[in-house]
Amino acid sequence: MKKDMETKYNPKVVEDRLYADWVEKGYFHAEADENKEPYTIMIPPPNITGRLHMGHALNATLQDVLIRFKKLQGYNALWMPGTDHAAIATEVKIVEKMAEEGLTKASLGRDAFMKRAWQWYDDVGGVITKQFRKLGVACDWQRQRFTMDKGCSDAVLEVFVKLHEKGLIYRGERLVNWCTQCKTSISDAEVEHEDKQSGFWHFKYPIKDSDEYVVFATTRPETMLGDVAIAVNPSDERYAHLVGKTAIMPILGRELKIVADEYVKADFGTGMVKVTPAHDFNDFEIGVRHDLERINIMNDDGSINEAGGDNYAGLDRYEARKKIIAQMDDMGYFVRKEEITNAVGGHDRCGSVVEPLNKLQWFVKMEELARPALDAYKNGDLNIVPPRFGKVYSHWLEGIKDWCISRQLWWGHRIPAYHCEGCEHIEVAKIAPDKCPKCGGAVYQDEDSLDTWFSSALWPFSTLGWPEKTPELAHFYPTSVLVTAYEILFFWVIRMAFAGIEFMGELPFKDVLLHGVMRDDQGRKMSKSLGNGIDPLGIIEEYGADALRFSLATGNSPGNDLRFYIEKVESSRNFLNKIWNASRFIMMNLDNETAEATFGCLPSELTAADKWIISKANTLAKEVAENLDKYELGLAADKAYSFMWDEFCDWYIEMAKPRLYNADDETRLAALWTLQHILSTGLRLLHPFIPFITEEIYTSFGFGESILLADYPKYQDELNFPIEEGQMEQIKEAVRALRNMRSQMNVPPSRKAQTFVVSTNVDVRAVFEAGAKYIKSLAGANEVIVLSEKVGIDDNAVSVVVPSAEIFMPLAELVDMEKERERLQKEIKKLQGEVDRVNAKLNNQGFIAKAPANLVEEEKAKAAKYQEMLQVVQKQLEGLK
RNA sequence: GGGAGCUUAGCUCAGCUGGGAGAGCAUCCGCCUUACAAGCGGAGGGUCACUGGUUCAAGUCCAGUAGUUCCCACCA
């Protein structure tokens, strides 16, 4: 059992070995078992194109803390891992790679492209999950899934067909957000609006058979090629006479209806709006109301098509813009240019400006699906942490528009719709029909694929086997908590919520824990484009996964962004080393015999110090578990940290030393027992945060086969020792006071002195008799004499006061009486401050009358205590004079 | 145009249901005390952005102001 331990903890030699061991022993694997209570987390599946970044590290750490915590608590804990096919992101990468070889999608063809894409998946799709393992995540890798694997794809088909049957999926011509670079439609959630400085060009169009003009302004002059009308507000008297007349778009000579529509604001701009139904969402609506033609003037790549006329066809949209301005100017129809800032939509993947284009696309009707997801939140069935994001959730659902789910991509789930070549019929089915069920004509599958979030929305149940009724699905669904960044709320959380309700009949998770995004040390969001990301793998290489994890889990609260500081990792590393060395110390003092002897149950000869630390650990266990259950991971970690370092290492271990070093001490075994008990408790409490080092130490001591098989510490009444806690606090206070005094008086640590404790209280004297050894070892006393009155003590001894006792340390030759007076005066000032503050409270009639009785009593006790201490110090000062 | 967050020690941040302001890092002083110098002991440092309100009591609850960050939004 006894092992030699290095003076410094070296994660490198530990982490990979332990992780392989955990996986091999199947500790992360969970089977459906109706006799156990499940605890389930579905990982937010990382993109297969991705590389591990700090955001993953944060996200994974939080989930791992929760999973390990619940596992130790005895739950049947399942953390389901997997990856996302990331339709656009992946396809873009593959296309880029192909371009290097001079290939294009068109030249390769769909089948060959897909073959290539799957090859790429086989080659690199597993990289990200390998990287996750370095973090120590307790994922059930046997159950790893991929959004495009057979099961998940079946679920996608099932959902598509079912929603279609219910009439919730439809195909229609609508304006969609179109990325001219990726040449696909994208959803509203994928558009990022950014305020940009933009030209605001004013033009006039002549009115037919009149010498009047309509004057309007636009930020996108190229869309004038698609103008079909001019609109004014119906109540705008200035233009009432124009309604019904016809304006002329001079470049194309097209006739434009002048219509009245409420959408137009009379007091903005000129009060006249050009209407381009095929290229603007509002104009589209106006067009519907007034039955206007939709003239599409743009190709998929953003260039102008033949509808724009011979002079413009083929020109890029921005070239066309310049040319139109110039031509309108030449023709005398340009009025002026202003500058305004307006929100320009860009594609969140490639950044290029999104064009609203009129396209035939597939949509999910959202209203009916959104309502129950909204109700679930309003009923309180969905607990969002922190709660403020609940408003964001409900606001988004309330204003939700139909979801454009078709993408003009090949990498993804191809839409299970089959078009008849003969009639107009479209057959939606899981299995491709041989021929058209209507007319018997040949059919071909729809070319489009689905938005990547369509499959992610099903993740909580598709990964458990749905639509099959598997035991896993019955046992592990709904999941316990979803942990993700608040950025993903719209994309994913909301869609999982309504998909879960629709297909499983209940929400896919009870709690949603939202965390912030990672920022660099200057507060900038870590991003690829800024190049300010810090590689978690590099940090792990240098400091270990535990240090990284601990630094991510502490000092942070849900929903708040987190700055990455290497100093914080270092301080976490130092903490690990502290635990390591404390363990090493205990190990050094154990031999085979004592280890065996101290292994049993609670020994009867526990001292006050033992009971004090046992009691503290007992309370800690309760608090840490409570914090974790409330997702206060940072608080939980902080508490465990300060207990292990400040209480256990700095006080208890130091107190145990004299007992350990004295072979004759009859409480020696009790100390060894307590050291191990506390160490074991602390390791188990900390294990969710720092799994590797805790496992390494736990097994080195032979506490068990694996800490993963251990029980989480539980609060036990019989381990609660309030009296001993009070006694030890008194000893600690005396030690602190003496140390403080010695430091202020510049007494070298090597200078030991006789120490007298004087108290009229017999119980207090007993406490100090028992605690004498601690005052000796911790406060530089070579002898401690406990007295009931001050006799036989050098008048020039320096003194400190603690509640109910006075302590003297004769340091004659070292003491500067002037300094001592100053010190005592300072002490008096401090105590006087306390007395004043407490008295102010007690003199407040409102406080006495309305504050809780126990609080008033406490304050009274404090008043008495400080008053007494103050008098004692004052007497000491007088004694010096 | 809506909505939300943040403002606490030099820096980065905690502070749960209101009851004597905390941590880490940094700074200063003293220590190679046989687990650990990635350490030990001690110290300094904050009118908790501002104003008002509720309360016996406010960093904490409410209202407003300022600065700052973010999200949503079709003002051409």
Side-chain angles (χ1 to χ4, degrees), chain A residues 5 7-9 175 193 200 216-220 223 231 263-265 267-276 280-285 340 342-343 345 356 386 388-389 391-392 395-396 399 486-487 489-490 516-517 521 523 525 551 554-557 559-565 567-568 570-589 623 626-627 630 632 634-635 638 641-642 649-650 653-654 657 661 735-736 739-744 746-750 777-780 834 837-838 841 844-852 855-856 858-859 862:
Chain A
M5 294 170 79
T7 49
K8 287 195 167 131
Y9 172 60
L175 279 202
H193 291 276
F200 193 45
F216 60 89
T218 179
T219 53
R220 296 188 297 152
T223 63
Y263 164 73
V264 183
K265 294 190 173 56
D267 56 1
F268 184 83
T270 63
M272 287 183 171
V273 178
K274 71 185 210 51
V275 182
T276 323
D280 183 281
F281 290 100
N282 297 306
D283 294 7
F284 183 93
E285 297 300 326
I340 59 165
N342 71 331
R388 65 174 184 270
F389 284 101
K391 278 180 221 162
V392 181
H395 182 254
W396 174 267
Y486 60 73
E487 293 180 300
L489 192 56
F490 304 132
V517 303
D521 57 4
K525 196 168 152 180
S551 72
T554 51
N556 177 239
S557 56
N560 287 352
D561 292 349
L562 191 58
R563 288 197 200 196
F564 186 85
Y565 274 90
E567 289 86 348
K568 205 171 163 193
E570 282 170 359
S571 106
S572 301
R573 187 262 326 256
N574 294 352
F575 175 53
L576 301 179
N577 201 44
K578 188 74 185 174
I579 297 172
W580 182 257
N581 274 296
S583 307
R584 199 171 135 251
F585 170 77
I586 298 169
M587 187 71 87
M588 284 168 56
N589 284 284
E623 290 180 356
E626 280 171 1
N627 285 135
K630 287 190 281 183
E632 294 163 350
L635 284 181
D638 281 345
Y641 174 97
S642 55
C649 291
D650 289 349
I653 289 183
E654 294 305 324
K657 280 179 181 174
Y661 296 158
V735 169
R736 270 194 295 258
R739 282 170 169 175
N740 186 306
M741 177 275 288
R742 293 179 63 116
S743 180
Q744 285 188 48
N746 293 325
V747 180
S750 53
S777 65
L778 303 180
E834 298 291 343
R837 189 180 49 73
V838 177
K841 253 189 173 175
N844 179 343
Q845 286 312 306
F847 178 76
I848 300 294
K850 296 191 176 176
L855 211 76
V856 176
E858 270 177 41
E859 292 298 324
K862 276 185 209 167

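Worth saying up front: this structure is predicted, and the values here are computed from it rather than measured. So that the names make sense, note that chain A is the first sequence line, chain B the second, and so on, each numbered from 1. We use all heavy atoms of the structure for the numbers below, so side chains are in, but hydrogens, waters and symmetry mates are not.
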When all nucleic acid strands are considered with a 4.0 Å heavy-atom cut-off, which category describes [X]: base, sugar-phosphate, or nothing?
X: A/Leu635; answer: sugar-phosphate
X: A/Pro852; answer: base
X: A/Gln744; answer: nothing
X: A/Ala582; answer: base
X: A/Asn560; answer: sugar-phosphate
X: A/Asn577; answer: base
X: A/Asp521; answer: nothing
X: A/Phe281; answer: nothing
X: A/Asp561; answer: nothing
X: A/Phe216; answer: nothing
X: A/Lys630; answer: base
X: A/Gly634; answer: nothing
X: A/Trp580; answer: nothing
X: A/Val273; answer: base

Could you state the interatomic distance from [atom1] ([X]) to [atom2] ([Y]), rounded to the nearest 0.5 Å?
X: A/Asn342; Y: A/Phe200; atom1: CG; atom2: CZ; answer: 8.5 Å
X: A/Tyr641; Y: A/Ser572; atom1: OH; atom2: OG; answer: 7.5 Å
X: A/Asp280; Y: A/Arg220; atom1: CG; atom2: CZ; answer: 5.5 Å
X: A/Ser551; Y: A/Phe564; atom1: OG; atom2: CZ; answer: 5.5 Å
X: A/Glu632; Y: A/Glu626; atom1: CD; atom2: CD; answer: 9.5 Å

Of all the nucleotides listed ([options]), which has the minimum atom distance to the side chain of [X]?
X: A/Lys578; options: B/G39, B/A76, B/C25; answer: B/G39
X: A/Trp396; options: B/A76, B/C72, B/A35; answer: B/C72
X: A/Asn574; options: B/G24, B/A73, B/G39; answer: B/G39
X: A/His193; options: B/A73, B/A4, B/G41; answer: B/A73
X: A/Ser557; options: B/C11, B/A76, B/A14; answer: B/A14
X: A/Glu654; options: B/A76, B/C36, B/G42; answer: B/C36
X: A/Arg388; options: B/G30, B/A4, B/C36; answer: B/A4
X: A/Asp280; options: B/A35, B/A76, B/G19; answer: B/A76

Using a 3.5 Å distance criterion without hydrogens, assess whether the side chain of [X] forms a donor-acceptor pair with backbone atoms of [Y].
X: A/Arg584; Y: A/Tyr9; answer: no
X: A/Asn581; Y: A/Thr7; answer: yes
X: A/Tyr486; Y: A/Phe389; answer: no
X: A/Ser642; Y: A/Asp638; answer: yes
X: A/Lys657; Y: A/Ser777; answer: no

(request) By nearest nucleotide on RNA chain B, pick out whichever of A/Phe585 and A/Asp638 is the more 5' one. (result) A/Asp638
(message) If you assign A/Arg736 and A/Lys568 each to the RNA chain B nucleotide with the nearest heavy atom, which residue ends up on the more 5' nucleotide?
(response) A/Lys568
Do the side-chain N or O atoms of [X] get closer than 4.0 angstrom to the phosphate oxygens (OP1, OP2) of [N]?
X: A/Arg563; N: B/C13; answer: yes
X: A/Tyr661; N: B/U33; answer: no
X: A/Lys657; N: B/A35; answer: yes
X: A/Ser571; N: B/C25; answer: no
X: A/Asn740; N: B/A43; answer: yes

Check whether the side chain of [X] and the base of [N] form a donor-acceptor pair under 3.5 Å.
X: A/Arg573; N: B/A38; answer: yes
X: A/Lys8; N: B/A38; answer: yes
X: A/Glu632; N: B/A14; answer: no

[N] versus [M] - spacing of their [atom1] atoms, nearest Å:
N: B/C62; M: B/U7; atom1: P; value: 15 Å
N: B/A43; M: B/U47; atom1: C1'; value: 23 Å
N: B/C25; M: B/A9; atom1: C1'; value: 12 Å
N: B/G5; M: B/G24; atom1: C1'; value: 24 Å
N: B/U68; M: B/A57; atom1: P; value: 35 Å
N: B/G18; M: B/U55; atom1: C1'; value: 9 Å
N: B/C6; M: B/G45; atom1: P; value: 29 Å
N: B/A58; M: B/C74; atom1: C1'; value: 45 Å

Without decimals, in angstroms, what is the distance between [X] [atom1] and [N] [atom2]?
X: A/Phe389; N: B/C70; atom1: CZ; atom2: C1'; result: 9 Å
X: A/Asn556; N: B/U12; atom1: CG; atom2: P; result: 15 Å
X: A/Ile653; N: B/C40; atom1: CD1; atom2: C1'; result: 13 Å
X: A/Phe847; N: B/U55; atom1: CZ; atom2: C1'; result: 13 Å
X: A/Glu623; N: B/G15; atom1: CD; atom2: P; result: 15 Å
X: A/Tyr263; N: B/C75; atom1: OH; atom2: P; result: 7 Å
X: A/Phe564; N: B/C11; atom1: CZ; atom2: C1'; result: 16 Å
X: A/Leu562; N: B/C6; atom1: CG; atom2: C1'; result: 15 Å

(message) Taking A/Arg573 first and then A/Glu567, would you say they form a salt bridge - that is, a charged N and a carboxylate O separated by under 4.0 Å?
(response) no
(request) Indicate yes or no: does A/Asp283 engage A/Lys274 in a salt bridge with an N to O separation below 4.0 Å. (result) no
(message) Stem finding on RNA chain B, please: runs of three or more consecutive Watson-Crick or G-U wobble pairs, both distances under 3.5 Å, sorted by first number.
(response) B:1-7 with B:66-72, B:10-13 with B:22-25, B:27-31 with B:39-43, B:49-53 with B:61-65
